[in-house]
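Structure first, then comments.
No hydrogens, no waters, no symmetry mates; every other heavy atom, side chains included, goes into these values. Below, read A as the first sequence line, B as the second, and so on, with proteins coming before strands; counting in each chain starts at 1.
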There are 2 protein chains.
Amino acid sequence: MLEIISRGETYGYEITQQLRELGFTDVVEGTVYTITLRFEKNNLVNIEKKRSNVGPPRKFYTLNEAGQEQLENFWRKWNFVSSKLNELRDKGGK
Amino acid sequence: MLEIISRGETYGYEITQQLRELGFTDVVEGTVYTITLRFEKNNLVNIEKKRSNVGPPRKFYTLNEAGQEQLENFWRKWNFVSSKLNELRDKGGK
DNA sequence: ACTGGTATAATGTAATACAGAATAGTGTAT
DNA sequence: ATACACTATTCTGTATTACATTATACCAGT
């Protein structure tokens with residue numbers, strides 16, 4: 001979700017849809033919103049509320065400096081863990 | 001940890017060491033044991049207690065049928081998630 | 001007024017991660 | 001004998017996370 005937000009201003013409902021398009025077909029809004037709220041709580045995002053002409057106002061997020069760092073940090077950890085796991089998976093026993 | 005156990009009978013303390021060798025240098029015993037206990041609780045492992053000549057008895061684990069399945073299931077999910085994440089990481093925006 | 005799609009917030013439960021402290025067995029050096 | 005280092009497991013507790021459900025609200029078309 002941090003990565004998705006980093007691609008450009010977006011809001012919860014849209015993030016849900018993007019995740020579904022990405023293949024995470026069964027994510028529901030509730031899950032996404034708990035995470036965006038966590039981002040808010042941890043001060044990783046800037047918030048801008050804009051009205052929509054097809055529904056209630058949208059809360060647009062962008063990453064702030066801390067959010068960028070968190071994202072980079074995530075990818076660092078991801079690269080580490082995924083390389084280790086793939087190693088484990090691929091090269092058989094011992 | 002399921003994968004490590006699937007490679008052959010092992011016990012908590014040894015699993016901790018293997019994880020450290022794999023690069024997860026800061027895992028501590030407490031963490032590992034909560035997970036082995038979860039495996040027990042979920043009936044994914046067979047248990048065999050054997051005495052040791054260098055310390056207290058060891059609780060050896062092997063995967064049972066359900067454990068094997070759980071492991072295969074894990075790899076399925078892992079392959080899915082990691083391919084999606086790498087896609088997100090590699091091919092830039094949109 | 002009602003429906004369907006868009007949008008967020010509030011609430012609750014179960015699982016997970018992780019650390020720290022307590023306990024105990026064994027061999028070796030003092 | 002006893003103290004120490006290493007091996008080994010268990011117990012306990014806290015904070016976070018995952019995830020779903022429900023409630024609420026805005027808008028357009030019928």
Side-chain angles (χ1 to χ4, degrees), chain A residues 1-2 4-5 9-62 66-67 70-71 73-74 77-78 80-81 84-85, chain B residues 1-2 4-5 9-62 66-67 70-71 73-74 77-78 80-81 84-85:
Chain A
M1 284 178 49
L2 286 173
I4 287 172
I5 294 170
E9 190 171 67
T10 185
Y11 54 99
Y13 192 78
E14 196 182 43
I15 292 172
T16 311
Q17 295 173 348
Q18 289 190 45
L19 287 171
R20 288 188 183 142
E21 276 170 41
L22 274 170
F24 302 97
T25 51
D26 48 3
V27 303
V28 295
E29 288 84 352
T31 303
V32 170
Y33 287 114
T34 48
I35 297 171
T36 56
L37 288 177
R38 186 153 74 238
F39 291 164
E40 292 188 34
K41 205 190 77 191
N42 295 347
N43 262 302
L44 304 175
V45 286
N46 300 314
I47 309 172
E48 210 180 336
K49 207 151 200 169
K50 300 184 187 175
R51 61 177 310 276
S52 155
N53 55 346
V54 296
R58 299 162 171 167
K59 244 170 110 176
F60 282 89
Y61 295 106
T62 50
Q70 183 82 359
L71 175 57
N73 207 265
F74 168 79
K77 283 194 222 165
W78 168 258
F80 175 74
V81 171
K84 292 302 176 189
L85 268 268
Chain B
M1 283 179 48
L2 287 172
I4 287 173
I5 294 169
E9 188 171 66
T10 185
Y11 54 99
Y13 193 79
E14 196 182 45
I15 292 172
T16 311
Q17 296 173 349
Q18 289 189 47
L19 287 171
R20 287 187 182 141
E21 276 170 42
L22 273 170
F24 302 97
T25 51
D26 48 4
V27 303
V28 295
E29 288 84 353
T31 304
V32 170
Y33 287 112
T34 47
I35 296 170
T36 57
L37 289 177
R38 185 153 75 240
F39 290 164
E40 292 187 35
K41 204 190 79 192
N42 296 346
N43 263 300
L44 304 175
V45 285
N46 300 316
I47 309 173
E48 208 179 336
K49 207 151 198 166
K50 300 185 186 173
R51 61 178 309 276
S52 155
N53 54 347
V54 296
R58 299 162 171 169
K59 246 168 108 177
F60 282 89
Y61 296 107
T62 50
Q70 183 81 359
L71 175 58
N73 207 265
F74 169 80
K77 285 194 220 164
W78 167 259
F80 175 75
V81 171
K84 291 301 177 188
L85 268 269

May I ask you to evaluate whether [X] reaches the phosphate of [N], defined as a side-chain N or O under 4.0 Å from OP1 or OP2?
X: Y11(A); N: dA7(C); value: yes
X: Y33(A); N: dT8(C); value: yes
X: S52(B); N: dA8(D); value: yes

Checking contacts here: which listed nucleotide ([options]) is nearest the side-chain heavy atoms of [X]?
X: K59(A); options: dT12(D), dC19(D), dT8(C); result: dT8(C)
X: T31(A); options: dA25(D), dA20(D), dT17(D); result: dA20(D)
X: R38(A); options: dT8(C), dA19(C), dA18(D); result: dA18(D)
X: N53(B); options: dA9(C), dA18(D), dG27(C); result: dG27(C)
X: L37(B); options: dA7(C), dT10(D), dA17(C); result: dT10(D)
X: E29(B); options: dT9(D), dA8(D), dA20(D); result: dT9(D)
X: R51(B); options: dA8(D), dT26(C), dT10(D); result: dT26(C)

Please give, in whole Å, the distance from [N] [atom2] to [X] [atom1]?
X: K41(B); N: dA15(C); atom1: NZ; atom2: P; result: 6 Å
X: R58(B); N: dT7(D); atom1: CZ; atom2: P; result: 10 Å
X: E48(B); N: dT9(D); atom1: CD; atom2: C1'; result: 17 Å
X: L44(A); N: dT16(D); atom1: CG; atom2: P; result: 14 Å
X: L19(A); N: dA7(C); atom1: CG; atom2: P; result: 15 Å
X: F24(B); N: dC18(C); atom1: CZ; atom2: P; result: 11 Å
X: K49(A); N: dT6(C); atom1: NZ; atom2: C1'; result: 14 Å
X: M1(B); N: dC18(C); atom1: CE; atom2: P; result: 12 Å

Review point. Base, sugar-phosphate, or nothing for G12(B), non-hydrogen atoms under 4.0 angstrom?
Key: sugar-phosphate

Check your understanding: How long is the gap from OG on S52(A) to CZ on F60(A), to the nearest 0.5 Å?
Key -> 8.0 Å

Point to revise | Separation between CD1 of I5(A) and CG of L44(A), rounded to the nearest 0.5 Å | key: 9.0 Å

Check your understanding: Can you tell me if NZ on K77(B) sees more than 12 non-hydrogen neighbours from other groups inside 6.0 Å?
Key -> no

Study note, to complete from the structure: The answer to which of F60(B) and G30(A) contacts DNA chain D further toward the 5' end, by nearest nucleotide, is F60(B)

Check your understanding: Would you call K59(A) and E40(A) a salt bridge, using N to O less than 4.0 angstrom?
Key -> yes

Review point. With a 4.5 Å heavy-atom cut-off, do Y61(A) and I47(A) have their side chains touching?
Key: yes

